[in-house]
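Here the structure is a predicted model, which means the values were calculated and not measured. Numbering starts at 1 and runs along the sequence shown.
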Amino acid sequence: MPEVVFSVDQAKSMRDQKVPGHNRWHPDIPPAVMVKPGDTFRIECKEWTDGQIGNNDSANDVRDVNLDVAHMLSGPIGVEGAEPGDLLIVDILDLGPVPQETGPHCGQGWGYSGIFSKVNGGGFLTDYFPDAYKAVWDFQGQQCTSRHVPGVRMTGITHPGLFGTAPSPELLAKWNERERALIATDPDRVPPLALPPLGAGVLAGTATGAAVEAIGRDGARTVPARENGGNHDIKNFSRGSRIFYPVHVPNALLSGGDLHFSQGDGEINFCGAIEMGGFIDMHVDLIKGGMEKFAIHNNPVFMPGNVEPRYTEFLTFIGISVDHRDNSNAYMDATLAYRNACLNAIDYLKTWGYTGEQGYLILGTAPIEGRIGGVVDIPNACCSVFLPTGIFDTDIRPNAEGPRKVDRGQVCVTS
C-alpha cells in the first residue's frame with residue numbers, strides 16, 4: 001500500500017482530524033504535506049458533507065443539510081518544485097470506499113444519492129422535483145444495490161468528483177468578479193445563480209488567525225468546476241486516468257475529495273452520484289512550463305482510464321430544445337435538450353412501476369452516457385441519454401405485450 005500522506009478518521013469531522021482539510025479554494029491555505037515529483041501516495045477522504053447524511057430511511061438529512069461546509073477536501077498536497085506555468089501530472093492508480101470496513105459512516109460499505117430541494121441547491125430537474133429525496137446504496141465489490149430502488153443492480157465506475165490545484169490571487173479575484181456579476185443579474189433567484197464567498201462554515205486547513213478570516217472573506221466555494229479543475233463530476237476520472245492540471249501557485253497545492261462509487265453523465269441530481277468516503281492512490285510528476293508548451297491555460301486536460309463497466313445494450317432517449325410545458329422553442333439549447341432526454345427516460349421508467357424520484361436517482365447514479373447529437377440544425381439542439389438495460393432485473397425494452405408495471409416502493413422522503 002502506498003504511504004498515506006493525508007489520513008482521515010471516518011468517525012470524526014474533518015475539523016477534528018489530526019491535520020484538517022479545507023472547504024474553500026484560496027492560495028493562502030498552507031500545504032498539509034509536501035511530496036516530490038515521482039512520488040506515489042494515498043489520500044484518505046471524508047464524504048463531501050462531512051458526514052451529515054445517514055444510512056436510514058428518511059430524507060430529512062438531505063433536506064436539512066448545511067451546504068456552507070461543503071465540500072470537505074483533503075489536502076492541500078504541495079509538490080516540491082512546482083511553479084506557476086507548469087503542468088502537474090496526476091495519475092489515479094486506485095480508489096474506492098473505506099477499505100475493509102463496514103459501519104455507520106458513509107463509505108463504510110455503503111453510500112447514498114440524493115435529490116436536493118430547490119431551496120437548497122436543487123438539481124438538473126429541480127422544477128420537476130423540487131423536494132428532497134434520498135436512496136442508500138450497499139456495496140458488494142464493484143456492484144451496488146439499494147433497498148430504496150429495488151430491481152436495479154449496477155457495476156459502479158468509482159471516481160473523484162472534485163480535485164484541483166490552488167488558484168493564484170489574480171485568478172481567485174477573476175472568479176469572484178465574474179460570479180458576483182452573474183448573481184447580480186438575478187440576486188433573488190432560487191436556487192441562486194452562483195455561490196459567493198462565505199465566512200460561515202469555513203474550514204481553512206492549518207491556517208490560523210487573520211488568514212482564516214481572509215480565506216472566509218475571499219475564498220471561492222467549491223461547488224463548480226473552474227480553471228484549476230475543481231468539481232468536474234466526470235465519471236471517467238477513474239482508475240488509470242492521467243490528468244494534466246495547470247499550476248497557478250508555488251508547490252501547486254493539490255486538493256480533492258467528493259469520492260463517488262458510481263455516477264451517470266451530468267450527475268443530474270446535484271447529489272446524483274453515489275457519494276462515499278474512501279481513499280485515492282496517486283502518482284504525481286511535472287512538465288516544466290507545460291501550460292505554455294501545450295496551450296493548456298483555461299482548464300485541465302485528461303486521459304481517461306480503461307475501466308468503464310462493459311454494458312453493451314442501451315435504451316436511448318432523445319430530447320430537443322423545446323419546453324413542452326408551454327410549447328416554447330429555445331434556440332440550440334443543449335441543456336434543455338438534455339433535460340428533456342432525462343425527463344423522457346423517467347417517464348418511460350414510470351410505466352414499469354418506478355416512481356419519478358426512483359427514475360431520477362437511477363439516471364444520476366447508473367453509468368448512463370449523455371451525448372450531444374447535434375447543435376447545428378436550427379432551431380433544435382438534440383441530446384440523448386443512453387441507459388444500460390443490463391442494470392435492471394427485468395427486460396425493460398419495449399415489447400408487444402406492454403410494460404409489466406410492478407410496485408417498487410419509493411425512495412426516502414421527508415417527514
Side-chain angles (χ1 to χ4, degrees), residues 113 115 123-125 127-129 133-138 140-157 235-236 261-269 272-274 308-325 327 334 336-374 377 380-413:
S113 56
I115 299 170
F124 191 52
L125 307 179
D127 289 340
Y128 300 85
F129 298 91
Y133 299 90
K134 182 181 74 177
V136 174
W137 300 82
D138 295 309
Q140 302 97 27
Q142 291 180 286
Q143 294 190 324
C144 64
T145 57
S146 173
R147 63 185 183 270
H148 301 123
V149 191
V152 172
R153 175 182 292 271
M154 68 182 80
T155 300
I157 179 167
K235 74 178 192 296
N236 298 94
F261 187 85
S262 185
Q263 181 203 295
D265 282 337
E267 198 193 16
I268 63 172
N269 310 356
I274 300 177
E308 194 163 14
R310 292 182 179 177
Y311 291 111
T312 57
E313 294 187 0
F314 300 86
L315 198 57
T316 302
F317 300 88
I318 295 168
I320 58 175
S321 50
V322 171
D323 191 329
H324 299 288
R325 292 172 296 181
N327 195 38
L336 179 56
Y338 192 58
R339 183 177 291 119
N340 280 329
C342 294
L343 290 168
N344 290 339
I346 291 170
D347 283 345
Y348 182 87
L349 290 173
K350 287 165 69 174
T351 69
W352 292 85
Y354 290 100
T355 67
E357 293 76 24
Q358 287 173 324
Y360 192 6
L361 287 173
I362 289 170
L363 296 184
T365 56
I368 65 168
E369 296 181 15
R371 301 184 184 179
I372 298 176
D377 299 316
N380 286 336
C382 179
C383 292
S384 55
V385 168
F386 285 57
L387 177 64
T389 57
I391 69 173
F392 297 95
D393 66 357
T394 189
D395 185 352
I396 66 162
R397 294 175 297 179
N399 58 73
E401 291 76 24
R404 296 188 300 277
K405 194 167 187 176
V406 177
D407 183 357
R408 301 178 187 276
Q410 174 60 306
V411 300
C412 304
V413 301

How far apart are the closest heavy atoms of [X] and [Y], and which atoms are they?
X    : Y    : value
C383 : A341 : O-CB, 3.9 Å
Q358 : P150 : NE2-CD, 3.8 Å
I274 : C144 : CD1-SG, 3.6 Å
I268 : Y360 : O-OH, 3.2 Å
P309 : G156 : CG-O, 3.8 Å

Are any of the side-chain heavy atoms of [X] and [Y] separated by less than 4.5 Å?
X    : Y    : result
L349 : I396 : yes
W352 : K405 : no
R325 : Y128 : yes
P398 : L315 : yes
T389 : D395 : no

With a 3.5 Å distance limit and no angle check, can you tell me whether [X] reaches the backbone of [Y] through a side-chain donor-acceptor pair?
X    : Y    : value
N236 : E308 : no
N340 : V322 : yes
Y311 : P367 : no
E357 : Y133 : no
S262 : T365 : yes
R339 : F124 : yes

Inset, instruction - Verify side chain to side chain contact (heavy atoms under 4.5 Å, CB included) between Q140 and T145, making sure each step is shown before the conclusion. - result: CA-CA 8 Å; Q140 302 97 27; T145 57; 3.4 Å; yes
Distance from [X] atom [atom1] to [Y] atom [atom2], nearest 0.5 Å?
X    : Y    : atom1 : atom2 : result
Y338 : I318 : OH    : CD1   : 13.5 Å
W137 : L361 : CH2   : CG    : 7.5 Å
C342 : D265 : SG    : CG    : 10.0 Å
I346 : T355 : CD1   : OG1   : 9.5 Å
S113 : N269 : OG    : CG    : 6.5 Å
D127 : L343 : CG    : CG    : 10.0 Å

Inset, instruction - I would like to know whether F392 and I362 meet side chain to side chain contact (heavy atoms under 4.5 Å, CB included); could you show each step before the answer? - result: CA-CA 10 Å; F392 297 95; I362 289 170; 4.1 Å; yes
Inset, instruction - Anything under 30° is parallel, anything over 60° is perpendicular, the rest tilted; go ahead and classify F314 against F386. - result: perpendicular
Inset, instruction - Quick one: do L363 and L387 satisfy side chain to side chain contact (heavy atoms under 4.5 Å, CB included)? Show the steps, please. - result: CA-CA 8 Å; L363 296 184; L387 177 64; 4.1 Å; yes
With a sphere of 6.0 Å drawn around [atom1] of [X], does it hold more than 12 non-hydrogen atoms of other residues, nucleotides or ligands?
X    : atom1 : result
Q142 : CD    : no
N327 : CG    : no
D138 : CG    : yes

Inset, instruction - Before accepting this row, confirm whether a basic side-chain N of the pair E267/K235 lies closer than 4.0 Å to the acidic partner's carboxylate O. - result: no
Inset, instruction - Dump the intermediate steps for side chain to side chain contact (heavy atoms under 4.5 Å, CB included) on H148 and V136, then the final yes or no. - result: CA-CA 7 Å; H148 301 123; V136 174; 3.9 Å; yes
